[in-house]
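Scroll down for the structure; my scribbles are underneath it.
To find a chain, count down the sequence lines: A is the first, B the second, and so on, and within it residues start at 1.
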Protein chains: 2
Amino acid sequence: METRELRYCAADAGELHYGRAAQGPGTAQPPLSRAIRQLERRLGVTLLERTSRTVTLTEAGSVLLREGRAALDAVDAASRRTRRAALSATGHPGLVLVTKAGASAELLSKLLDAYAAEPGAVAVDVLLCGIGEQERLLRDGRADVALLHRPFDSTVGFDAEELCTEGQVAVLPAGHPLAGRAHLRMADVAAVSGLPLPRWPCRDGAYPDGPGPEVRDHAQLLQLIALGRAVAVLPESSRAVLRPDVTAVPVLDAPTVTTLIAWPPHSRSRALAGLVRAATRL
Amino acid sequence: METRELRYCAADAGELHYGRAAQGPGTAQPPLSRAIRQLERRLGVTLLERTSRTVTLTEAGSVLLREGRAALDAVDAASRRTRRAALSATGHPGLVLVTKAGASAELLSKLLDAYAAEPGAVAVDVLLCGIGEQERLLRDGRADVALLHRPFDSTVGFDAEELCTEGQVAVLPAGHPLAGRAHLRMADVAAVSGLPLPRWPCRDGAYPDGPGPEVRDHAQLLQLIALGRAVAVLPESSRAVLRPDVTAVPVLDAPTVTTLIAWPPHSRSRALAGLVRAATRL
DNA sequence: CGGATCGATACCCCTGAGGTATCGCTGCGC
DNA sequence: GCGCAGCGATACCTCAGGGGTATCGATCCG
């Protein structure tokens, strides 16, 4: 199987429309149509059920979509990491660390300081990304290492070390009746009428149905909270980055959040090992 | 990057000889030479340092070799799993479980029985493989799930659940002076003169240097022990498969062995989930 | 110094991927 | 009910580029 075929197939299975799908890989509709037909013949499998009006994924097609995307990420990672390995040989041995914007800010700066103080430390580029994007960046080689947060992020498929565990706080508008309490329970937060929990986008960018407002990043979220349109439950450490017009109250029975440092399996870079060592020593 | 280029590159980086490397992917030397040159130009990276007599891997080349092999495995897995998904839709929904020959025999049969008794259980093919091969089989899609043993196998890159933990025993010739002891320590085993620990092959099939005999599987190992040419430290559960001419004595301070069930990340098969559930219930 | 070995190059052939035009089918609207 | 619009499949052409053979040029060995 060639990556071209995988790319075509992924585009088509994603769009379920040959014309639009062809624009992604930058080709025309007939080559795409032929390529998928040929791939189906070679595998002996029907990937797409097509009538002259509609295209639907078969069971096998959805497997190929999922596995194929992972494979394409692996191919991209091979090329990116090779290029970066060559760069680092010529004097620019950098690491790219990715984390969610707004999360673990203090931990991150301590980590960067601690690592920079080590002998042989290399430059670390920090990449701030949106919710759930770390996984992809780590898998396709755009990042070397990530800070993840259990239970929100999955460490599946990566190597990881736990760094710290913390409780969560409810973030409320400053003037809210509950804002004066010493602590809350999840039931209290859930029962706040008029302050629904916000909805975060799924991995495909779509939002689940529900009552809360749609949010995409921390700034949006905090603004909505300050406006009295939402309430959120966040790790304690995010207190450090809260605006003055919102208040944080510990939630005793919220699940604890574990911050981890994660990297692709079989990474054998000395710089990465040093960074992980610095992190676990914090 | 096309898989053809990756295949050529992997072959060449593995052989370090264009002529022989060309035989692997079934082509001639000139196309291979050109393909690698072109890949180098496209990536802007020197992969192989070649004189007119010798070929050596650069740092970047070894990164591409490692990452490229992983990517090729992912592509193979995509094609294999797609084919199997199609088969399972037409009535043959099987799982392939891989484990080291001779290990966890009892646990495995209990697991298979327990799973078979569940409603909706599918056929499970058991694949017995050599040391350290499970990882590869799981990664390239030839197997769906594996029984691994920490600390011998790595679970890096997979999802896993721990099943059980056990101590280890020293396996000695039946007539050996230590065979009568109730228990031993690692120091006792190490001090046994004339009975060195055997050497297992590395992932590339080569053996590390050292005094012990080279072994490749359980049968070989037990025969060597029975002959008085080696001693081994194995998990307790292997007692069940020992020959009568060897004796097992618990080693109190040997590292404990954890048996895990592992599967590729993001597997979403109902059958796999059922098998894992049955395993964790044991 | 000549032969052997190995990677690079030149040259040719031909597969096969891409593009344009068009067909055939289907659902929708008037 | 008929025509039109939208979509995937097909036909046909073009040509880039991958494969093969022969050969060159460099290097190591005897």
Looking at side-chain heavy atoms only, is the closest gap between [X] and [Y] below 4.5 Å?
X: B:Tyr115; Y: B:Leu97; answer: no
X: A:Cys9; Y: A:Glu5; answer: no
X: A:Leu6; Y: A:Val75; answer: no
X: B:Arg142; Y: B:Arg136; answer: yes
X: A:His149; Y: A:Thr99; answer: yes
X: A:Arg83; Y: A:Ser79; answer: yes
X: A:Thr27; Y: A:Tyr8; answer: yes

Spacing between [X] atom [atom1] and [N] atom [atom2], to the nearest angstrom:
X: A:Arg37; N: C:dG16; atom1: CZ; atom2: P; value: 18 Å
X: A:Glu2; N: C:dT15; atom1: CD; atom2: C1'; value: 14 Å
X: B:Glu15; N: C:dG7; atom1: CD; atom2: P; value: 11 Å
X: A:Leu32; N: C:dT20; atom1: CG; atom2: P; value: 15 Å
X: B:Ile36; N: C:dC6; atom1: CD1; atom2: P; value: 16 Å
X: B:Leu47; N: C:dG7; atom1: CG; atom2: P; value: 15 Å
X: B:Arg42; N: D:dG17; atom1: CZ; atom2: P; value: 10 Å
X: B:Glu49; N: C:dG7; atom1: CD; atom2: C1'; value: 14 Å

May I ask you to evaluate whether [X] reaches the phosphate of [N], defined as a side-chain N or O under 4.0 Å from OP1 or OP2?
X: B:Gln38; N: D:dG17; result: no
X: A:Tyr18; N: D:dT10; result: no
X: B:Arg50; N: C:dC6; result: no
X: A:Thr27; N: C:dA17; result: no
X: B:Ser33; N: C:dG7; result: no

Per A:Pro30 side chain, nearest of listed nucleotides D:dA11, D:dG8, C:dA17: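 Looking only at heavy atoms from C-beta outward on A:Pro30, the closest nucleotide is D:dA11.
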
Distance-minimising heavy-atom pair for B:Leu138 and B:Arg81: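 Where B:Leu138 meets B:Arg81 most closely, the heavy atoms are O-NH2, 2.7 Å.
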
How would nucleotides 23-30 of chain D be written as a contact map, 5' to 3', with B for base contact, S for sugar-phosphate-only contact and - for no contact, using protein heavy atoms under 4.0 Å? ---BBS--

Taking atom types as modelled and ignoring hydrogens, do the side chains of B:Thr3 and B:Arg7 form a donor-acceptor contact shorter than 3.5 angstrom?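 Their side chains do contain a donor-acceptor pair, which is all the 3.5 Å distance test asks for.
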
B:Glu118 CD: over 12 foreign heavy atoms closer than 6.0 Å: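 Counting neighbours around CD of B:Glu118, more than 12 heavy atoms of other residues, nucleotides or ligands fall under 6.0 Å, so yes.
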
Answer with base, sugar-phosphate or nothing: what part of the nucleic acid does B:Glu5 contact at a heavy-atom distance below 4.0 Å?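 Nothing, no heavy atom under 4.0 Å.
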
Reckon B:Arg34 touches a base, only the sugar-phosphate, or nothing at all at heavy-atom distances under 4.0 Å?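 Touches a base.
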
Divergence of helical axes at both termini of the helix from C:dC1-D:dG30 to C:dC30-D:dG1 - five pairs an end, 10° steps: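 Inter-axis angle at the termini of the helix from C:dC1-D:dG30 to C:dC30-D:dG1: 20°.
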
